[in-house]
Protein chains: 2
Amino acid sequence: MKKTLREVAKAAGVSVTTASTVLSGRVDLYRAATVHRVLKAAEELEYRPNLLAKALVQQRARTLGLVVERHQGLLSRNPYIIPIMDGILDYLIPREYSLVLISLQESSEETMSQRVFNSSIDAGIVVAPLEDSPLLQWHAHSPLPVVFVGCMSQETDAGACVDVDNEAGMRSLVEWLYAQGHREFGFMGGSQKQWSARLRKQSFLNVLLDYGIPARQEWMVEGDYTYDAGFWAGEQLLSASRLPSVVVVSNDLMAVSFMELCRAKGIVVPDQLSVTGFDGIDLGQHTSPTLTTVSQPLHEIGHIAAEWLLKGIDSGERVHGRKLLAPRLEIRESARVIQ
Amino acid sequence: MKKTLREVAKAAGVSVTTASTVLSGRVDLYRAATVHRVLKAAEELEYRPNLLAKALVQQRARTLGLVVERHQGLLSRNPYIIPIMDGILDYLIPREYSLVLISLQESSEETMSQRVFNSSIDAGIVVAPLEDSPLLQWHAHSPLPVVFVGCMSQETDAGACVDVDNEAGMRSLVEWLYAQGHREFGFMGGSQKQWSARLRKQSFLNVLLDYGIPARQEWMVEGDYTYDAGFWAGEQLLSASRLPSVVVVSNDLMAVSFMELCRAKGIVVPDQLSVTGFDGIDLGQHTSPTLTTVSQPLHEIGHIAAEWLLKGIDSGERVHGRKLLAPRLEIRESARVIQ
DNA sequence: GTGAAAGCGCTAACAG
DNA sequence: CTGTTAGCGCTTTCAC
């Protein structure tokens, strides 16, 4: 059924070594006639190399693992992962690497070891783990290269992370809002276990501080980045004695549901209340009003993560470094000028 | 560094065979003491089996491939794939199978063989290939089990497909529109190379026929399921001498951009024109107006495809059969009653 | 109950 | 230039 190298070698009348070498492209080592016989035999037999065997002997699976925790629900509920996947794949495909999806239902150390380090991957990309995730202790469990996306690894300098510059993004957004005349800021954050949520909140507060604007407690609420959170955290915020002029929401998904809540309550966005998001997911372009937000170069993040890992795999050197990519302020309809 | 079975065996003072057998769970074959020694050694050495080696010897990689063509662009542009992936993963994870993503930039027979059959998968799930895709000739190239999603395989009875019942879905939608008083139907189809697009269009026409409503040519346009197509195919439709009362769009993505086009042109949906979609992607719930559509049980489709394949792999029998899942009519805001 | 031996399909020294 | 030899780490008859 499935043809092996040995059969090709036999058909070509050469040794397995010769067949292997020729088929791996080092063609100049052999006589043209030999090369030709091998190539022809392989062609005729429709030979397909067994990558498993190759991986075993070379100790290299040519496969990366994309590890996502599912505390936030399914992939469908984490729309920002998809463009990252595209970026990874675009880099991997021409280099003949594969991507396996590792989705952790619960991320105990146990499951992590089982599912992540048992899988035959050469390296991993970990997306947005929570602060207490065992995934952050990756290197304590495995020598495999890893790049963290959407967070900074705890480890002093051993880790590698690529992320959007959350601080710069939040700053540019708030400064822009200030320039539009906003002076009363509400904020809906994400779980403080989420690295990006902490940074965004901190940065928001810093900018307010710079402007000498006090952060009013009843306008500060905390959700968990999920669609549902926009509603329940939103309810809390809207119950304040008075509304701010703008609510800065820490991610797009919550911003979208928060806008829906506003509509349901008869609060017109942006006329009565401005709302902004963060991430730049596609959805924000289709809501009404469209969402003013800070967009992440997600495709590029995936690309860079993959690039670093392949380099690390090839060189055998540890992958480390931190790269913060520039965010882009997307000015759309959900935030308005205050006279 | 990485511990092997041999080291475990040595540490436990048993043979590799014994260690292998014990660790594979057939514990009753050995003396309790032996079992215990092996287990303890494995634990202490933090032994992780090399799945590559296991796969090689068992001729089973415990991996499924999700194959998508990229004629429609990146994954980010095919939002319906994500819930399918979730469905597959939910089935695979507890069964210790992995999922690798195979995204074909161009699907010549060449790349298909290279990328699909070269990858170490035990079976494949092919999502919505075009009519002329070599992927449909899967069995001519490989004995591996495959399930087609979102299309029927050409092969007489050899193939396996799971899909939403496009005909029933379209019928229920059009019948509902008729019941709302609509008599003038426009239609924006997908590429006729796409199986689902053909079915949906045919079914649409059939229902009109049943009602004795003529299909007016200037109200029939064809896009290609992409976001952009909603605009260009939409332009064409809106240039008709007169507008229908409703435009039935063949997928949600085009319906969304078509609604945006209408808004840009000052045509109020649904007051001046009703619009409906098909697929039930999340986006449709967040547009304004929200999109009336026919939703597919995508998670279930993924689940069933994975289930069939694992059964096929285990039994060694060819996977075949066709399963059409019931669609659900989602009545939202974009289509209205005609007095 | 347990172990020796063979081999999955391939690559990589090392001879010749 | 080409072939022989030795494994990669594991499972699996088949003896003992």
Side-chain angles (χ1 to χ4, degrees), chain A residues 1-39 41-42 45-63 96 117-122 143-144 313-314, chain B residues 1-39 41-42 45-63 96 117-122 143-144:
Chain A
M1 193 81 272
K2 194 67 157 99
K3 300 298 182 297
T4 72
L5 236 205
R6 200 167 51 212
E7 302 178 66
V8 174
K10 201 168 68 186
V14 299
S15 75
V16 190
T17 310
T18 304
S20 169
T21 316
V22 167
L23 288 174
S24 75
R26 273 160 301 158
V27 155
D28 46 316
L29 285 177
Y30 295 87
R31 262 212 322 272
T34 314
V35 169
H36 186 247
R37 287 212 314 283
V38 171
L39 259 26
L45 296 176
E46 297 192 33
Y47 170 69
R48 309 247 152 272
N50 182 327
L51 296 182
L52 245 33
K54 183 176 181 168
L56 180 60
V57 70
Q58 298 196 146
Q59 309 274 53
R60 181 148 312 172
R62 296 193 80 82
T63 301
E96 299 185 54
F117 303 126
N118 245 15
S119 54
S120 327
I121 58 175
D122 300 324
L144 292 181
I313 293 167
D314 281 345
Chain B
M1 193 81 270
K2 192 71 158 96
K3 300 298 183 297
T4 71
L5 235 205
R6 201 170 46 214
E7 302 177 66
V8 173
K10 200 167 70 186
V14 299
S15 74
V16 188
T17 310
T18 305
S20 171
T21 316
V22 167
L23 289 174
S24 75
R26 271 158 304 158
V27 154
D28 45 316
L29 285 177
Y30 294 87
R31 264 212 319 272
T34 313
V35 168
H36 186 248
R37 285 210 317 281
V38 171
L39 259 26
L45 295 176
E46 297 191 35
Y47 170 69
R48 310 247 151 271
N50 182 328
L51 296 182
L52 244 34
K54 181 175 182 170
L56 180 61
V57 69
Q58 297 196 143
Q59 309 276 51
R60 182 148 310 171
R62 297 192 81 83
T63 300
E96 299 184 54
F117 304 126
N118 246 14
S119 53
S120 329
I121 57 176
D122 300 324
L144 292 181

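Hydrogens, waters and symmetry mates are skipped; everything else that's a heavy atom, side chains included, is used.
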Can you check the [X] [atom1] to [N] [atom2] distance for me, whole Å?
X: A:Arg26; N: D:dT2; atom1: CZ; atom2: C1'; value: 13 Å
X: B:Leu51; N: D:dT11; atom1: CG; atom2: P; value: 9 Å
X: A:Arg6; N: C:dT11; atom1: CZ; atom2: C1'; value: 15 Å
X: B:Leu5; N: D:dC8; atom1: CG; atom2: P; value: 13 Å
X: B:Leu23; N: D:dT12; atom1: CG; atom2: C1'; value: 15 Å
X: A:Leu56; N: D:dT11; atom1: CG; atom2: C1'; value: 13 Å
X: A:Arg37; N: D:dG3; atom1: CZ; atom2: C1'; value: 13 Å
X: B:Asn50; N: D:dC8; atom1: CG; atom2: P; value: 11 Å

Please assess B:Arg62 against B:Leu51 for the test side chain to side chain contact (heavy atoms under 4.5 Å, CB included), listing each intermediate value before the final yes or no. CA-CA 9 Å; B:Arg62 297 192 81 83; B:Leu51 296 182; over 6 Å; no

On the nucleotide [N], are OP1 or OP2 found under 4.0 Å from the side-chain N or O atoms that [X] carries?
X: B:Gln58; N: C:dC8; value: no
X: A:Gln59; N: C:dT11; value: no
X: A:Ser20; N: C:dA12; value: no
X: A:Tyr47; N: C:dC10; value: yes

Just do the side chain to side chain contact (heavy atoms under 4.5 Å, CB included) check on A:Leu5 and A:Leu23 with the steps written out, would you? CA-CA 9 Å; A:Leu5 236 205; A:Leu23 288 174; 3.8 Å; yes

For DNA chain C, which residues of residues 8-19 of chain B approach it to below 4.0 angstrom with any heavy atom?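 Result for residues 8-19 of chain B: B:Val14, B:Ser15, B:Thr17, B:Thr18, sorted by number.
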
B:Ala53, nearest nucleotide to its side chain (from D:dC10, C:dC8, D:dG7):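 For the B:Ala53 side chain, the nearest candidate turns out to be D:dC10.
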
Taking for each residue the nucleotide of DNA chain C with the nearest heavy atom, is it B:Asp28 or A:Thr4 whose nucleotide lies nearer the 5' end? B:Asp28

Mind checking the [atom1]-[atom2] spacing from [X] to [Y]? Nearest 0.5 Å is all I need.
X: A:Glu46; Y: A:Lys2; atom1: CD; atom2: NZ; value: 10.5 Å
X: A:Thr18; Y: A:Arg31; atom1: OG1; atom2: CZ; value: 10.5 Å
X: A:Arg26; Y: A:Asp28; atom1: CZ; atom2: CG; value: 9.0 Å

Would you indicate what B:Thr34 reaches in the nucleic acid, counting non-hydrogen atoms under 4.0 angstrom: base, sugar-phosphate, or nothing? sugar-phosphate

Would you kindly say whether A:Thr4 and A:Arg6 are connected by a side-chain donor-acceptor distance under 3.5 Å?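 No - no donor-acceptor pair under 3.5 Å links their side chains.
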
Among all residues two or more places apart in sequence or in another chain, which pass the ring-ring contact (aromatic ring centres under 6.0 Å, His included) test with B:Phe117?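 Listed in chain order: B:Trp138.
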
Minimum heavy-atom separation for B:Ala42 and B:Val8, please, with both atom names.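 In this case the closest contact between B:Ala42 and B:Val8 is N-CG1, 3.8 Å.
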
Return the angle between end axes of the helix from C:dG1-D:dC16 to C:dG16-D:dC1, with five pairs used per end and rounding to 10°.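 Here the helix ends are tilted 40° relative to one another.
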
Polar side-chain atom of B:Thr21 near backbone of B:Thr17 as donor-acceptor pair, under 3.5 Å: yes

Does B:Asp122 reach the main-chain N or O of B:Arg60 with its side chain, forming a donor-acceptor pair under 3.5 Å?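 Flag not set: sc B:Asp122 to bb B:Arg60 has no pair under 3.5 Å.
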
